[in-house]
Amino acid sequence: MFAKVIVDVPAKQTNRAFDYIVPPALKAWVEVGSRVTVPFGPRVVQGFVVELHEETDVKIERLKSIQSVPDLVPPLTVELVGLAHWMSRTYLCHEVTALQVMLPGALKAKYERGLQVGIEPQMGSLLELPERLAILDFVRCKGTLSMEALMDRFPHEGAAIKDMVLSGALVEVQMMKDRISMKKVLTVFPPKEVDSLVEAGEKLPAKARKQKEVLDYLSLHPDPIRLTELMELIQVGAGTVKALADRGLIELKEIEVMRDPYAGRTFARTMPLPLTDEQSTVYAEIRSAIVEGKPSVFLLQGVTGSGKTEVYLQSIQQCLELGKEAIVLVPEISLTPQMVERFKGRFGNEVAVLHSRLSQGERYDEWRKIMRKQVRVVIGARSAVFAPFQRLGLIIIDEEHESSYKQEDSPKYHAREIAVQRAENNGATVVLGSATPSLESIHRTSVLPDHGTTESPSYRLLTMKSRVEGRPLPEVFIVDMREELKNGNRSMFSKALHHAIEERLHKKEQIVMLLNRRGYATFVMCRTCGYVSSCPHCDISLTYHQSTRMLRCHYCGYAEREVKLCPSCGSEHIRHFGTGTQRVEEELGKLFPGIRVIRMDVDTTTEKGSHEKWLTMFGQKQADVLLGTQMVAKGLDFPDVTLVGVIAADTSLNIPDFRSAERTFQLLTQVAGRAGRHQKLGEVYVQTYTPEHYSVQCASRHDYNSFVTEELHSRIRLGYPPYQRLILVTFSHEQAPFLIRAAEAFAVRLKELIEDVQRKQSTEMLLSLDGFEEPQAADFSMEVLGPVASPISRIKDRYRFQCVVKYRGDGLAVELVGKAVAYFEQQNAKEKLQISIDVDPQYLM
Ligand SMILES: Nc1ncnc2c1ncn2[C@@H]1O[C@H](COP(=O)(O)OP(=O)(O)OP(=O)(O)O)[C@@H](O)[C@H]1O
Ligand SMILES: [Zn+2]
Ligand SMILES: [Zn+2]
């Protein structure tokens, strides 16, 4: 048997499958989706089996054999292997990178250097050097072993070993070592015939009283028991139990256990709620698609508090009743205990949870529950879309507009597209839910299925316009901060918001306060000369962290101590700027003495579990205000929140990005949606310097449709998505002149390729005018902008230039970019030029 293997050597030349022999001994273990180790050139590397064949075109003498299979069960399914291939073409990444992203972190192998026997040296020469013969024999019988192990055994033969490596008698290979092993616990196994234990106990010497107690206990309780538990129960030491094992009376074995991050927590079981009219209409549609089992995609646009989650839950229920499995994706930061509880509460142990705040071991165990078919529902962040289910019936993406569904490193995939692709493969249903769907998704609902040539299938739009039980949406007040300034109010709170806060404090209701600032950057500036502390390696200002009094670069991690004097002019007037959450917190404390504030931002949520802790505290009303960045805007459902304040709506509007209006609208709508979700009415105050902007105006009226109409007009005018698609190509190099030349040459090359296609197309057009056939891909258009310096023009001492490719039509554009890049990779491999490609980028940085 022969296997096609994708090797873990991410490079252009190795981005294809290589043939290997499957040795008879491994036949039982090698499947499509298996990880294997294979010799590759002088090394041993990891790889993935993507195909199996009885025959091969390659001459057998030239083939090498698979060396080992690290997992008993293939970690990937046939479907996922196919998906990785699709990803490599769609996102222009190496296939192995796509395969790796599907594995849980714990399985990602870490390489260690090891030694193996290489070419067999002449026997004669070895006989003169018996120590070398001994080394060789030792290595041969160990197979592969680390340098340290060899040096340990032959401490005085360093030179000989080095010599043998140089001569090729020993070769260096990469050894794999799993970072995370399974968790194992020592367990006591009594023999099958427990009666013998009592007898054996009698024969023990009198001073072995404790050992006898253990035997007595086990004879009454013959089930295996954890060693620690036994020790605790009858108050004996480990030595006592081990002594019994040494006598052969009982067995002590290491047993693998699952770590359950939610162990010891009980989730109150919930029953399906009777659906509202809007919910049932929507659910009926989704339900029939699930039952039908044909691939379909729904876009569920439901206002905040319309009860989308209940629709998800009942859809999952339907899916499970058909014996199928479901994936639920939520943005990482809204993967709160509240969210998990809703799913665990309905489906109990059928649910696995995957998110980055679990330890790697915990995540591995959750993943293994999926592999072992112990769960049928997975809830998790972006990468959970790769859950290795084999009877997938439903994928739900909550808050589908969130940019965190797009991975920023290679493979730069979008979970929404992966979900649609997996639905195609499995005949599954996709539900994209949001109060503020992305323009890409809403646009897809109006695209006819057969529009264009290979345009992806259209989505079906479902809407829920009102909150459950007729609860009203909160009233939104826009506060013009320019007026405040005119009237002499220099505080960061307007009179109206100030008053509203006072009122809630008085009524003991709760407040959510949003500081609209991504990543919240406070920079340090000199008021005398304008000097700004910036990173010596990156073209970006340093961020001040009050807790540590350090200045830190968010790109490369460079850190320096806070300065007291300006390094440029020596002035003392150097201080941190920007309305950070910390400053809002201070200000609240000054204006409302005794106010209890929980601050949630990057500084207060780094610790594991802190996010949960703050939200629980807030839910238990241990604070009046939940203050934070984007984190407080989503998914929270607290009955006593009746006021939402937005400190400055404009900060996200001023970011130079074509999506800034969309992001502002989404953020304002989402955060406003936190108010008055239950019995009490809600109010929202949005402070802004641009009250007339349509994103602020439409959000204040909860008017998604008008926003979309307005925004789509401007996207058409400027030629941005969803009308045209983008590919961002970024080049980086240590030397600017070299970089610029390379980027320019790339643009020229790509333009040539585009012209070739266009020329060919116009000939085809002419032919088709003669009445032969319909013009093909007439929709195709493509242009190259740039190269220009990237907005962040230097990171980690490397300069950055970028080209933006705008195109319409199908995958042809991606293919051309791939061709142009390939041409360059060959030319510039030696020059250490880095080229990164981002198809459908979320940010043009
Ligand atoms: N059919 C129903 N009957 C009664 N209450 C319901 C029903 N459906 C949902 N609810 C309740 O309504 C509230 C809002 O629902 P949910 O949180 O699902 O809204 P949502 O649409 O997800 O909002 P958001 O987009 O803001 O997250 C919840 O407290 C939920 O328990
Ligand atoms: Zn830096
Ligand atoms: Zn200065």
Side-chain angles (χ1 to χ4, degrees), residues 267-284 286-287 298-318 328-347 379 396-402 404-405 431-438 441-442 461-474 476 510 512 514 615 618-619 626 630-642 644 646 665-682 684 699 702 704:
F267 293 92
R269 269 313 248 249
T270 63
M271 298 306 280
L273 297 172
L275 296 179
T276 64
D277 287 352
E278 277 190 329
Q279 281 173 328
S280 2
T281 313
V282 162
Y283 171 63
I286 297 172
R287 188 192 120 98
F298 292 99
L299 178 63
L300 170 55
Q301 194 241 321
V303 297
T304 56
S306 57
K308 293 186 286 294
T309 314
E310 188 61 31
V311 173
Y312 302 156
L313 289 168
Q314 299 200 13
S315 304
I316 295 170
Q317 176 103 40
Q318 176 61 55
V328 184
L329 300 186
V330 300
E332 181 74 48
I333 57 173
S334 60
L335 195 48
T336 57
Q338 240 191 355
M339 201 58 167
V340 172
E341 217 167 295
R342 283 166 129 176
F343 289 84
K344 283 247 180 194
R346 192 67 58 88
F347 305 110
I379 170 165
I396 289 163
I397 304 188
D398 190 30
E399 313 283 5
E400 71 89 34
H401 61 276
E402 270 290 306
S404 66
Y405 285 124
V431 178
L432 309 171
S434 173
T436 53
S438 62
S441 293
I442 194 74
L461 181 64
L462 305 169
T463 47
M464 299 202 294
K465 293 192 170 63
S466 44
R467 285 186 163 180
V468 290
E469 296 180 342
R471 293 167 200 160
L473 284 161
V476 181
Q510 289 182 294
V512 166
L514 172 78
L615 292 178
F618 189 65
L626 179 65
Q630 270 64 2
M631 278 178 216
V632 300
K634 281 149 206 140
L636 308 181
D637 190 27
F638 293 112
D640 282 322
V641 173
T642 58
V644 166
V646 178
F665 173 79
Q666 286 163 343
L667 183 63
L668 294 179
T669 307
Q670 294 292 341
V671 74
R674 299 314 110 206
R677 291 168 72 88
H678 293 253
Q679 268 70 35
K680 297 171 186 159
L681 287 180
V684 181
H702 310 287
Y704 175 72

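Start at 1 and go down the list; that is how both ligands and their atoms are numbered.
Against a heavy-atom cut-off of under 4.0 Å, Arg677 is close to the following atoms of ligand 1: 14 (C), 16 (P), 17 (O), 19 (O), 23 (O), 24 (P), 26 (O), 27 (O). For ligand 1, the atoms closer than 4.0 angstrom to any heavy atom of Arg674 are 26 (O). Per-residue contacts place His678 under 4.0 angstrom from the following atoms of ligand 1 (heavy atoms of the residue considered): 29 (O). Heavy-atom proximity to Arg342, at under 4.0 Å, picks out these atoms of ligand 1: 15 (O), 16 (P), 17 (O), 18 (O), 28 (C), 30 (C). In the vicinity of Pro274, heavy-atom distances shorter than 4.0 Å reach the ligand 1 atoms 1 (N), 2 (C), 3 (N). For ligand 1, the atoms closer than 4.0 angstrom to any heavy atom of Glu469 are 4 (C). Within ligand 1, the atoms closer than 4.0 Å to a non-hydrogen atom of Asp637 are 28 (C), 29 (O), numbered from 1 in the order shown.
Side-chain atoms of Arg674 come within 3.5 Å of backbone atoms of Leu636 as a donor-acceptor pair (strictly under, hydrogens ignored). Of the possible polar contacts, one joining the Gln279 side chain to the Gly307 backbone as a donor-acceptor pair under 3.5 Å is found. At distances below 3.5 Å, at least one donor-acceptor pair connects side-chain atoms of Tyr405 with backbone N or O atoms of Leu329. Here the side chain of Gln301 pairs no donor or acceptor atom with the backbone of Leu461 at under 3.5 angstrom. Without hydrogens or angle criteria, Arg471 side chain to Gly305 main chain gives no donor-acceptor distance under 3.5 Å.
Below 30°, between 30° and 60°, or above 60°: for Phe618 and Phe638 the angle between ring planes is above 60°, a perpendicular geometry.
Within the 4.0 Å heavy-atom criterion, both parts of Thr304, backbone and side chain, lie near ligand 1. Contact annotation: for Ser434 versus ligand 1, there are no heavy atoms closer than 4.0 Å. Contact annotation: for Met464 versus ligand 1, there are no heavy atoms closer than 4.0 Å. In Ser306, the parts holding a heavy atom less than 4.0 Å from any atom of ligand 1 are both the side chain and the backbone. The proximity of Gln279 to ligand 1, defined as any non-hydrogen pair under 4.0 Å, is limited to the side chain. With a heavy-atom cut-off of 4.0 Å, Glu278 does not touch ligand 1 at all.
At least one heavy atom of Gly305 sits closer than 4.0 Å to an atom of ligand 1.
A donor atom on one side chain and an acceptor atom on the other are not found under 3.5 Å apart for Gln314 and Gln318. Using a 3.5 Å distance cut-off with no hydrogens or angles, the side chains of Ser441 and Glu400 do pair a donor with an acceptor. Between the side chains of Thr304 and Gln670, no donor-acceptor pair is found at a separation under 3.5 Å.
For ligand 1, the polar-atom distance check finds no N/O of Ala435 at less than 3.5 Å from any of the ligand's N/O atoms.
The existence of a salt bridge linking Lys308 and Glu399 is excluded, since no basic side-chain nitrogen approaches an acidic carboxylate oxygen closer than 4.0 Å.
Around atom 11 (C) of ligand 1, the closest heavy atom drawn from Val330, Val311, Leu275, Val468 belongs to Val468.
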